[in-house]
> 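Please read through the structure below; I'll follow up with questions.
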2 protein chains.
Amino acid sequence: MASVSAAATVRERLLAAATRLFAERGFESTSVQEIVRAAGVTKGAMYHYFDSKDDLLREIYARVLRLQTDRLNRFADAEGPVAERLHAAAVDVVVTTVENLDDSKIFFRSMHQLAPETYRSVRAERRRYHERFRDLVGEGVRAGVFRDDVPAEMVVDFFFGSVHHLGTWYHPDGPLSGQEVGRHFADLLLASLRPA
Amino acid sequence: MASVSAAATVRERLLAAATRLFAERGFESTSVQEIVRAAGVTKGAMYHYFDSKDDLLREIYARVLRLQTDRLNRFADAEGPVAERLHAAAVDVVVTTVENLDDSKIFFRSMHQLAPETYRSVRAERRRYHERFRDLVGEGVRAGVFRDDVPAEMVVDFFFGSVHHLGTWYHPDGPLSGQEVGRHFADLLLASLRPA
DNA sequence: CGCGCTGGACCGACCAGTCGGTATGCTGAC
DNA sequence: GTCAGCATACCGACTGGTCGGTCCAGCGCG
C-alpha cells in the first residue's frame, strides 16, 4: 500500500487515505490502523486531528456536500434559457462526480454509518441540493419547454440515480471522458423532458 | 426487534432476517448474533444451514439475480414492437425492485463484501442481465425507432442507475405505487430514446 | 523550556466461527 | 411391533483474534 504524498499536511493525508480506503472496501471494513498506515502516520496523530473514525467520515461528507452545492449554484444562477442552464448543470454534476469518484462511492454506501444527528444533517443538505435542481426543472415546466406529466421530483430522483450509479461502472482510464458521459447524460435528461 | 414468522422453515427465517438487517444497517454492521436473534434461532442452527455469514449473503444475491433474470426474459421474449417490449420490461424492473426493496438496498452496497470468486460470478450474471436489456435498446436503434447518437450501453447504465437508486428514496407506504413509478420511469426512458 | 504534535503500547468490547453434546425421527432387521 | 443404529437438526458456551479508542512519554521547534 503506497502512502499518500508526504507534502500535504497530516490532516489532509489522513482524509485522502481514508477516502480512498472507504471507497475501496467500505467504512466498516477499513480499520483505523489501515488508514494511518496508508497516510504514513500513527494512531496518535489521527486522534489528535479527529475525534473518532466517524469524525473522519463526517468531514468527508461535509466536503463533498460543500463542493457539489457550490458548483450547482454557479450553474443554476447563471443567465440564459432554463434548458441551457439545466443542461450545463447536468454536465457539470457528472464531471464533478467522476472527478471525485471515491467520494461518490462513499456517499450512498456509508450514509447509514453516520451518527444519527450527522445523518439527518447530511440528508437535509442533500435534500436542499435536490430541491435546487428540482426547481430548475419546475421552472422549465412552467415556461412550457418541459413536459408537465411527470413530477419534477421524480425526474430529479431519476437523474441523480444515474449519476450516483457512475461509481459502479465508470472508470477514469476507460474510453469515455467525464465530459463525454456528462454530455450524453444531459442529452438523455433533456430529451426525456421534451413535451410530447 | 420482532422475530420473523415461525411458520417458515429455519432456513427461510434466517434469510428473511438477514435480508432485513443487512438492508437496514449493512452487512458489516450486522452481527451473526443479531441475525439469529431476529430469526428466533441460535448460532448452532445458522451454522448448520450456512457455511458462514458470507454464505448467507451469497444466497441472497443468488436469489435476487435469479428472480430478476427470469422476469426480464419473460418480457424481452414476448411478441410485439420493441418499444412496447422495452417499456413493459422497464415497468416490470421497477415494480420488482420496489417489491424487493431490501434486496436492492443490499445489492450494490454489499457487493464488495462477497468473496472474490462469488463477486466475479455475481458481476458476470449482472452483466448478462444488462446485455439482455442493452440488446433490446440496440434492436430499437436498428429498427429506427430509437435515436442512434447515444451508446446503448450508456442508456442502460443511465436507466439502471435510476432503478438502483430507488432504495434510497422510495417508501412502500408513500403516495406512489410501484406501478406508477415504473410507468413514469419507463416513460422517461422511452422519451429519452426518441430520435431527435 | 514549553507545548503542539506524534509514536506506539495497551485496554476492554465485541465478533465470526467452533465444538462437544443433546434431541428427534427415520429405517430396516427380526 | 420394536428397537438398534444412524442421520439430521439444533444448542450455547467458548476461543482466538480484531477493533476503536486511550494514554503518556518524548521530540523538536519557537
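Predicted model, so just to flag it, every value in this text is computed and none were measured. Reminder, nothing fancy here: chain letters follow the sequence lines and each chain counts from 1.
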> Do R25(B) and E34(B) meet the salt-bridge criterion of a basic N to acidic O distance under 4.0 Å?
yes

> When you get a sec, tell me which of dA9(D), dT6(C), dG21(D) is the closest nucleotide to the side chain of H48(A)?
dT6(C)

> Looking at dG17(C), dC10(D), dC15(C), which one has an atom nearest to any side-chain atom of D54(B)?
dG17(C)

> In whole angstrom, give the distance that lies between atom CG of L14(A) and atom C1' of dG20(D).
15 Å

> Within this structure, what is the CD-to-P distance between E28(A) and dC15(C), rounded to whole angstrom?
11 Å

> Salt-bridged, R123(A) to E117(A), with N to O below 4.0 Å?
no

> Measure OH/Y49(A) against P/dG4(C) and give the value in whole Å, please.
11 Å

> Charged N to carboxylate O under 4.0 angstrom, R126(B) versus E131(B)?
no

> Round to the nearest Å and state the distance from Y47(A) atom OH to dT6(C) atom C1'.
15 Å

> Within the 3.5 Å criterion, strictly below it, is a donor on T96(A) or Q68(A) matched to an acceptor on the partner's side chain?
no

> With sugar-phosphate meaning primed atoms plus P, OP1 and OP2, does S29(A) contact a base, only sugar-phosphate, or nothing at under 4.0 Å between heavy atoms?
nothing

> In whole angstrom, give the distance that lies between atom CD of Q33(A) and atom P of dT6(C).
16 Å

> Of the nucleotides dG21(D), dA16(C), dC11(D), which has the atom closest to the T42(B) side chain?
dC11(D)

> Let me know the distance between CZ of F50(A) and P of dT22(D), rounded to the nearest Å.
15 Å

> Please state whether the base of dG7(C) and the side chain of K43(A) form at least one donor-acceptor pair under 3.5 Å?
no

> Can you tell which of dA16(C), dC11(D), dC19(D) lies closest to the side chain of K53(B)?
dA16(C)

> dG21(D) P sits how many Å from L56(A) CG, rounded?
10 Å

> In whole angstrom, what separates D51(A)'s CG from dC23(D)'s P?
14 Å

> One pair to check against ring-ring contact (aromatic ring centres under 6.0 Å, His included): F160(A) and H130(A). What are the steps and the verdict?
CA-CA 9 Å; F160(A) 277 100; H130(A) 272 215; 4.7 Å; yes

